[in-house]
Number of protein chains: 2
Amino acid sequence: MSTEPSVERQLFDLRAHTEPERHEPHERRDAARNRVLLLDAAHRLVDRDGVAAVTMDAVAAEAGVGKGTVFRRFGSRAGLMTALLDHTEARWQGRVISGPPPLGPGTPPLERLLAFGASRLDRTIASADLMAAAAGRHGRSGPAVAFWTVHVRHLLTELGVTGDLPLLAMALLAPLDVTIVSQQLGAGVSRERILAAWTDLAERVVAGR
Amino acid sequence: MSTEPSVERQLFDLRAHTEPERHEPHERRDAARNRVLLLDAAHRLVDRDGVAAVTMDAVAAEAGVGKGTVFRRFGSRAGLMTALLDHTEARWQGRVISGPPPLGPGTPPLERLLAFGASRLDRTIASADLMAAAAGRHGRSGPAVAFWTVHVRHLLTELGVTGDLPLLAMALLAPLDVTIVSQQLGAGVSRERILAAWTDLAERVVAGR
DNA sequence: AATAGAAACGGACCCTGGTCCGTTTGGGAC
DNA sequence: GTCCCAAACGGACCAGGGTCCGTTTCTATT
């Protein structure tokens with residue numbers, strides 16, 4: 001038996017928390033209550049006035065807690081934004097792991113890879129400002145990126161691509177990053193054109209085994 | 001005759017300002033003087049205490065001018081950082097346009113492309129924190145990126161690559177961006193490995209004409 | 001040389017992210 | 001039910017980016 005855990009297992013371990021309870025073992029009641037209070041408040045602010053209006057003071061006030069609490073729960077504004085993203089991200093990851101084709105399993109790998117790229121692009125576009133705000137000063141990080149790369153690496157393996165798969169996967173993901181996509185959208189490039197170019201790129205990478 | 005300007009002409013127009021004088025036609029003497037005062041001060045601070053120490057107040061104080069002046073000259077901290085980068089960037093662009101091989105002309109296109117990637121990677125690593133600070137909230141922008149893409153697009157053309165060259169060029173550049181590279185370095189990936197993976201990517205893109 | 005007005009100046013001021021620390025509270029042990 | 005303390009709380013406080021506006025300084029023009 002292999003000493004390497006299966007890809008499915010890796011992906012599962014990397015999944016974002018769908019269930020709000022999945023946190024530190026003994027989180028005190030007040031802490032848990034305030035977490036959902038804050039998350040709700042932040043969501044409300046985003047919906048009502050946009051990401052820019054989500055100031056740490058505003059969230060604290062809207063949730064009716066002290067500012068210090070917001071920072072203890074989420075560490076920083078970027079952390080809060082990441083938490084906001086986490087909810088939909090977890091659902092999306094679920095669809096990738098076990099949802100219907102072509103994003104989910106039961107699809108030829110290339111088709112699945114292309115569906116993955118299209119879906120990521122759409123997610124990036126849909127919550128560009130949240131993602132930009134979630135990226136701390138030291139670039140993006142965290143489990144979400146790890147999930148994406150592992151998945152792409154897996155697909156590349158299935159396609160028989162050889163080489164430094166982890167880095168190749170990142171290179172494939174890079175053009176779908178908020179910074180790049182936002183810049184292109186800002187320059188008037190359409191979603192369709194971005195997608196077509198990315199598809200082209202992916203096919204070239206796959207073609208050269 | 002073509003209505004499209006030559007690539008050389010395009011690159012020239014995109015070049016960063018090497019000469020300090022190349023600015024608005026009638027810049028007042030005091031304004032010009034303060035610009036170099038501020039740039040010098042900022043450089044000194046970077047060298048002495050690192051990018052993090054380059055606070056707008058600190059720069060103003062070190063230059064002996066008011067804080068408002070810093071903002072009028074450079075617009076924002078990101079703008080100041082961009083200006084700091086501009087100096088070395090201009091010299092580098094000069095080497096790309098008319099320097100010695102393999103970066104400069106007189107080299108087979110593929111070799112030149114690979115040299116370009118290696119050189120960009122090294123520049124990204126060398127001034128990662130400056131570049132991170134120069135990237136405003138809305139991702140990177142400005143003439144530097146335009147220069148890179150035009151150059152890569154040009155090389156791809158010479159290589160006979162077909163497709164959406166501008167976007168393909170950006171996709172090739174994306175993995176060399178500060179955010180991505182910093183993340184990889186932070187994860188313990190070596191410069192050599194990043195370069196190897198990028199070279200692989202570039203060759204795959206070129207291989208599929 | 002005098003003048004006018006455009007441009008630049010400077011620093012007080014505001015806003016927001018992030019820290020600190022004295023106070024309160026939840027919940028396990030007895 | 002009481003006690004205890006680790007954990008959580010909250011808001012005063014600080015630092016740094018960015019704005020504003022009354023004052024000063026250039027420079028073109030006469």
Side-chain angles (χ1 to χ4, degrees), chain A residues 20-21 23-42 45-46 49-84 129-130 132-139, chain B residues 20-21 23-42 45-46 48-84 129-130 132-138:
Chain A
E21 301 85 33
H23 281 286
E24 294 309 305
H26 292 311
E27 184 174 51
R28 266 169 53 165
R29 283 285 158 81
D30 48 354
R33 174 175 46 79
N34 284 340
R35 156 171 288 123
V36 328
L37 241 38
L38 285 167
L39 245 20
D40 282 0
L45 287 177
V46 170
D49 305 316
V51 173
V54 181
T55 198
M56 298 305 258
D57 290 288
V59 175
E62 176 86 16
V65 306
K67 186 182 185 178
T69 300
V70 189
F71 280 92
R72 190 163 330 90
R73 271 300 85 75
F74 301 103
S76 67
R77 191 176 126 101
L80 174 59
M81 297 309 186
T82 303
L84 286 184
D129 40 8
L130 253 182
R137 44 192 149 301
H138 298 297
Chain B
E21 300 85 33
H23 281 286
E24 293 308 306
H26 293 309
E27 183 175 52
R28 267 170 52 165
R29 283 284 158 80
D30 49 355
R33 174 175 48 77
N34 284 340
R35 156 171 287 123
V36 327
L37 241 37
L38 286 167
L39 245 20
D40 282 359
L45 287 178
V46 170
R48 173 145 37 89
D49 305 315
V51 173
V54 182
T55 199
M56 299 304 259
D57 290 286
V59 174
E62 175 87 15
V65 306
K67 186 182 184 176
T69 301
V70 189
F71 280 92
R72 191 165 331 90
R73 269 302 84 74
F74 301 103
S76 67
R77 190 176 127 100
L80 173 59
M81 297 309 187
T82 303
L84 286 184
D129 41 7
L130 253 182
R137 42 193 151 303
H138 298 298

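By convention in this document, chain letters (A, B, ...) are assigned in the order of the sequence lines, proteins followed by strands, and residues within each chain are numbered from 1.
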Whole-Å distance between [N] [atom2] and [X] [atom1]?
{"X": "A:Phe71", "N": "C:dT16", "atom1": "CZ", "atom2": "P", "result": "12 Å"}
{"X": "A:Leu38", "N": "D:dG10", "atom1": "CG", "atom2": "C1'", "result": "12 Å"}
{"X": "B:Met81", "N": "D:dG18", "atom1": "CE", "atom2": "C1'", "result": "15 Å"}

What pair of heavy atoms forms the shortest contact from [X] to [Y], and how long is it?
{"X": "B:Phe74", "Y": "B:Arg35", "value": "CZ-O, 4.3 Å"}
{"X": "A:Leu38", "Y": "A:Ala60", "value": "CD2-CA, 4.4 Å"}
{"X": "A:Glu62", "Y": "A:Ala41", "value": "CG-CB, 3.4 Å"}

| task | Write out all pairs satisfying salt bridge (charged side-chain N to carboxylate O under 4.0 Å, His left out) with one or both partners inside residues 67-82 of chain B, taking only residues at least two apart or from two chains. | result | B:Asp57-B:Lys67
| Is there side-chain contact between A:Val51 and A:Leu84, with at least one heavy-atom pair below 4.5 Å? |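 Heavy-atom side-chain distance check fails, nothing below 4.5 Å.
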| Taking the side chain of A:Asn34 as its heavy atoms from C-beta onward, which of C:dG18, C:dG17, D:dC9 lies nearest to it? |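 Side chain of A:Asn34 sits closest to D:dC9.
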| task | Using the test side-chain contact (heavy atoms from CB on, under 4.5 Å), find all partners of A:Asn34 that sit at least two apart in sequence or belong to another chain. | result | A:Leu37, A:Val65, A:Thr69
| field | Listed partners of A:Ala58 passing side-chain contact (heavy atoms from CB on, under 4.5 Å), at least two apart | value | A:Leu45, A:Thr55
| message | How would you summarise protein contacts on nucleotides 20-30 of chain C per nucleotide, using B for base, S for sugar-phosphate only and - for none, with heavy-atom distances below 4.0 Å? | response | -----BSS---
| Set of residues satisfying side chain to side chain donor-acceptor pair (under 3.5 Å) with respect to A:Arg28, sequence neighbours excluded | A:Asp30
| said: By nearest heavy atom, map A:Arg73 and B:Met56 onto DNA chain D; which one lands nearer the 5' end? | reply: A:Arg73
Pairs: protein N or O with nucleotides 13-15 of chain C N or O, under 3.5 Å:
none

Would you say a side-chain N or O of [X] is under 4.0 Å from OP1 or OP2 of [N]?
{"X": "A:Thr69", "N": "D:dA8", "answer": "no"}
{"X": "A:Arg35", "N": "D:dA8", "answer": "no"}
{"X": "B:Ser76", "N": "D:dG17", "answer": "no"}

| said: So, using salt bridge (Lys or Arg N to Asp or Glu O under 4.0 Å) as the criterion, who are the partners of B:Arg29 when residues are at least two apart? | reply: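 Salt bridge (Lys or Arg N to Asp or Glu O under 4.0 Å) check on B:Arg29 returns nothing, list empty.
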